[in-house]
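The residues of the chain are indexed from 1 along the displayed sequence. None of the values given here were measured: they were computed from a predicted structure.
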Amino acid sequence: MSGRPDILFPLFADLEGLDGVGPKTAGNFAQMGIERPRDLIFTLPHSGIDRTRRPSIRDVAPGSTVTVEVVVGAHHPAATRGRPYRVQVQDAETSFQLVFFHARGEYLQAQLPTGQRRVVSGKVELFDGVAQMVHPDHILRPEEAEAIPPYEPVYPLTSGISQRTIFRAANSALERLPDLDDWIDPALLARENWPDWADAVRAAHAPADSTGLAATHPARQRLAYDELFAHQLTLALARQATRRGAAHVTEGTGALRRKILAALPYDPTGAQDRAMTEIAADMAQAKRMNRLLQGDVGSGKTLVAFMALLIAVEAGGQGVMMAPTEILARQHLESLQPLAEQAGVVLEILTGRDKGAERRAKLAALAAGDIQVLVGTHAVFQKDVEFSDLRLAIVDEQHRFGVAQRMELSAKGHGAHMLVMTATPIPRSLSLAQYGDMDVSVLDEKPPGRKPVTTALISTGRMDEVVSHLRDAIAKGRQAYWVCPLVEESELVDMTAAEERFKRLRAVLGEGQVGLVHGQMPPSEKDAAMARFVAGETKVLVATTVIEVGVNVPNASIMVIERAESFGLAQLHQLRGRVGRGSEASTCLLMFQPPLTEGGRRRLEILRETEDGFRISEEDLAMRGAGDVIGTAQSGLPRFRIADLERQAALMAVAQSDARALLAQDPDLTSPRGQAARVLLWLMEQDKAIRLISVG
């Protein structure tokens with residue numbers, strides 16, 4: 001796989017060879033992300049204009065586009081500057097005017113000679129009762145009028161590029177389409193009745209009517225599938241590369257796990273049992289585990305993670321659990337400590353704070369195998385950190401690892417199994433796009449004893465009631481979070497909002513009762529404020545969204561979210577998950593500023609209706625689109641040019657199983673279909689995959 005296959009060269013040439021594209025136009029195209037013929041081919045029209053020929057404009061609704069043959073009548077040049085130039089024309093049944101602003105008379109005389117026939121196409125409007133077509137899109141002699149497609153595709157545009165330019169350039173690019181062998185499984189192709197690749201591209205650029213633009217049209221489905229299949233093939237190659245790395249067969253005796261299960265006050269849920277079984281089976285193989293543990297807020301991921309760590313310890317090895325921040329690492333330590341004591345396992349924490357002699361002592365104990373389970377931040381992967389026998393690395397994925405970082409991490413782990421945990425329920429189609437290289441365990445049941453959280457919507461006008469409700473609750477020994485609104489402009493505005501709210505609540509509730517945490521504070525102050533709240537010294541914690549991630553204070557049973565309409569659904573769900581962790585009944589108050597937009601109201605109502613994170617994430621996807629749900633900027637989510645993750649979610653699952661099946665039969669992609677798939681990877685510019693094949 002030394003370089004790009006010759007058959008694709010025409011699609012990767014300069015744009016300037018295309019019809020009507022000079023250096024300037026090529027520069028404008030580049031602003032749209034179109035740099036080669038290949039990019040034009042994958043830029044599909046998003047709408048179309050019906051230009052079927054009609055006898056007359058008479059029965060057409062104003063505002064519609066019409067294509068009609070006319071006899072040209074008298075010209076009426078502009079009487080004064082700024083007035084339009086008008087040309088009278090007559091179709092088979094009625095007369096109307098063609099209107100031009102800033103027009104040159106001699107040019108129009110040549111285009112529209114009085115007494116001759118022309119075919120004109122454009123939008124018809126009524127102006128003072130007179131029918132007009134302002135600046136027709138097309139003016140052609142009847143014998144040339146074939147050039148107007150009956151249904152004209154409309155492309156997404158940028159400044160400096162007209163529809164006509166992109167239409168000509170795209171058609172010129174279509175003339176270069178190579179004849180490629182098919183990479184799609186023949187049975188799937190037959191079942192779906194999809195066209196072959198080149199026919200699909202041509203059909204997508206020349207829709208016969210609006211159905212040709214729909215995501216459900218066979219040509220569009222086929223091209224979307226190609227894109228998803230190339231992406232899933234890349235992920236499957238990454239998975240194959242990770243799994244090729246030999247791992248220690250890690251089978252535990254079960255002794256430590258039995259101790260923990262016996263000491264638990266309740267039985268694990270069915271979902272927890274299933275996840276624990278899947279993980280144990282993976283770790284017992286000589287291939288490296290690469291699994292995602294996906295669970296909603298409070299679904300009991302900690303227990304599942306700890307049981308996996310115990311398998312490593314039972315087998316005589318070590319386990320590590322990584323969190324994105326120091327606060328979270330300390331929380332993992334606190335939640336695992338009691339379990340570790342029951343199992344009699346040595347648990348330690350390593351963060352950037354460990355310095356000098358203390359750090360050296362920890363590193364020595366780690367290298368000697370005396371520390372069995374390590375919790376930490378990324379500091380655990382610094383050069384001088386050596387494990388005696390690392391069997392399992394768990395990553396708490398609040399910080400969204402991409403595939404590349406996951407591969408880097410597993411390379412460091414010298415054959416350690418990998419488990420990634422995420423507390424963000426993601427719709428299946430997106431989790432396949434983001435984590436398609438992994439096997440997934442889902443925790444979709446809540447452990448017994450979690451009380452539901454009552455969610456109420458309250459307008460900001462009732463602030464005083466909320467504050468007095470809070471005063472009563474504190475008198476009864478309860479604790480509360482107060483989350484301040486998210487201001488887009490700057491973190492400084494967020495900070496001011498939080499400080500104002502802090503002062504006002506402190507004035508009402510008393511000096512030592514209220515704590516404050518925001519993004520501008522030094523980490524040590526943040527930690528100290530959190531620690532006081534965790535210890536119950538402060539009763540109310542005023543915060544910007546820093547607390548959405550993983551904070552665990554069982555005594556906190558009230559969550560107030562100010563200007564809740566400014567937050568996303570997933571974020572609100574995460575924030576609400578901070579309460580309802582203790583024995584008290586909990587409430588979440590969503591305070592909003594009326595009037596709400598339609599979308600804002602819908603979001604808050606969904607939260608009031610359900611606590612099911614997976615359902616919430618599906619709604620979020622439907623309302624916001626894929627890039628926003630995952631926050632494309634910092635995620636491993638690819639940008640698809642054709643595939644639409646909301647409407648074509650089902651194709652993603654097919655693409656994943658198809659990609660994995662192809663690699664199972666043909667791991668090096670050397671069969672005829674494998675060779676065709678290599679061409680697809682080049683065509684879709686999946687450089688990562690290409691590197692993996694050439695290395696593999």
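- The existence of a salt bridge linking Asp472 and Arg478 is excluded, since no basic side-chain nitrogen approaches an acidic carboxylate oxygen closer than 4.0 Å.
- Within the structure, every pair that satisfies the salt bridge (Lys or Arg N to Asp or Glu O under 4.0 Å) test and touches residues 510-522, not counting sequence neighbours, is listed here: Arg506-Glu511.
- The side-chain heavy atoms of Tyr481 and Ile558, taken from C-beta on, include no pair separated by under 4.5 Å.
- Using a 4.5 Å cut-off on side-chain heavy atoms (C-beta onward), Cys588 and Thr454 make no contact.
- For the residue pair Thr377/Glu326, the side-chain donor-acceptor check at 3.5 Å is not satisfied.
- Under the 3.5 Å distance criterion, with hydrogens and angles disregarded, a donor-acceptor pair is assigned to the side chains of Thr250 and Arg391.
- Taking the charged nitrogens against the carboxylate oxygens, Glu565 and Arg563 do have a contact shorter than 4.0 Å, which makes a salt bridge.
- Contact between Leu604 and Ala564 at its shortest, heavy atoms only, is CD2-CB, 3.9 Å.
- Using a 4.5 Å heavy-atom cutoff, the side chains of Ile260 and Met307 are in contact.
- Paired with Leu541 under the rule side-chain contact (heavy atoms from CB on, under 4.5 Å), one option of Met530, Arg578, Gln479 passes, and it is Met530.
- For the pair Glu445 (side chain) and Ala271 (backbone), a donor-acceptor distance under 3.5 Å is present.
- Between Gln513 and Ile474 there is a side-chain heavy-atom pair separated by less than 4.5 Å.
- Looking only at atom types and distance, the side chain of Gln294 has no donor-acceptor partner in the side chain of Thr422 under 3.5 Å away.
- Under a 4.0 Å N-O distance rule, the pair Arg359/Asp384 qualifies as a salt bridge.
- By the 4.5 Å heavy-atom criterion applied to side chains, Ile311 and Arg257 are counted as neighbours.
- No salt bridge links Glu334 with Arg330; every basic N to acidic carboxylate O contact stays at or beyond 4.0 Å.
- Contact record, Met591 with Ser459: CE-O, 4.5 Å, taken as the closest heavy-atom pair.
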message = Determine whether Asp444 and Arg615 satisfy the following criterion, salt bridge (charged side-chain N to carboxylate O under 4.0 Å, His left out), listing intermediate values before the conclusion.
response = CA-CA 11 Å; Asp444 48 11; Arg615 198 192 132 201; over 6 Å; no

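- Side-chain atoms of Val320 and Ile394, non-hydrogen and from C-beta on, never get closer than 4.5 Å to each other.
- Pairing each heavy atom of Ile616 with each of His573, the nearest pair is CD1-ND1, 3.5 Å.
- By the 6.0 Å contact criterion, CZ on Arg602 is enclosed, its count of non-hydrogen atoms from other residues, nucleotides or ligands being greater than 12.
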**OP:** Show your reasoning for whether side chain to side chain contact (heavy atoms under 4.5 Å, CB included) applies to Val375 and Leu336.
**Re:** CA-CA 9 Å; Val375 173; Leu336 297 178; 3.9 Å; yes

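- Between Asp282 and Arg288 no salt bridge is recorded (no basic side-chain N to carboxylate O distance below 4.0 Å).
- Contact check for Phe502 versus Trp482: no side-chain heavy atoms found under the 4.5 Å cut-off.
- Arg274 and Ser441 share no donor-acceptor pair across their side chains, judged by distance under 3.5 Å alone.
- Between Lys355 and Glu358, none of the side-chain N atoms (NZ, or NE/NH1/NH2) sits under 4.0 Å from a carboxylate O, so this pair counts as no salt bridge.
- When each of Arg608, Glu611, Arg576 is checked for a side-chain hydrogen bond (donor to acceptor under 3.5 Å, both in side chains) with Thr455, only Arg576 meets the rule.
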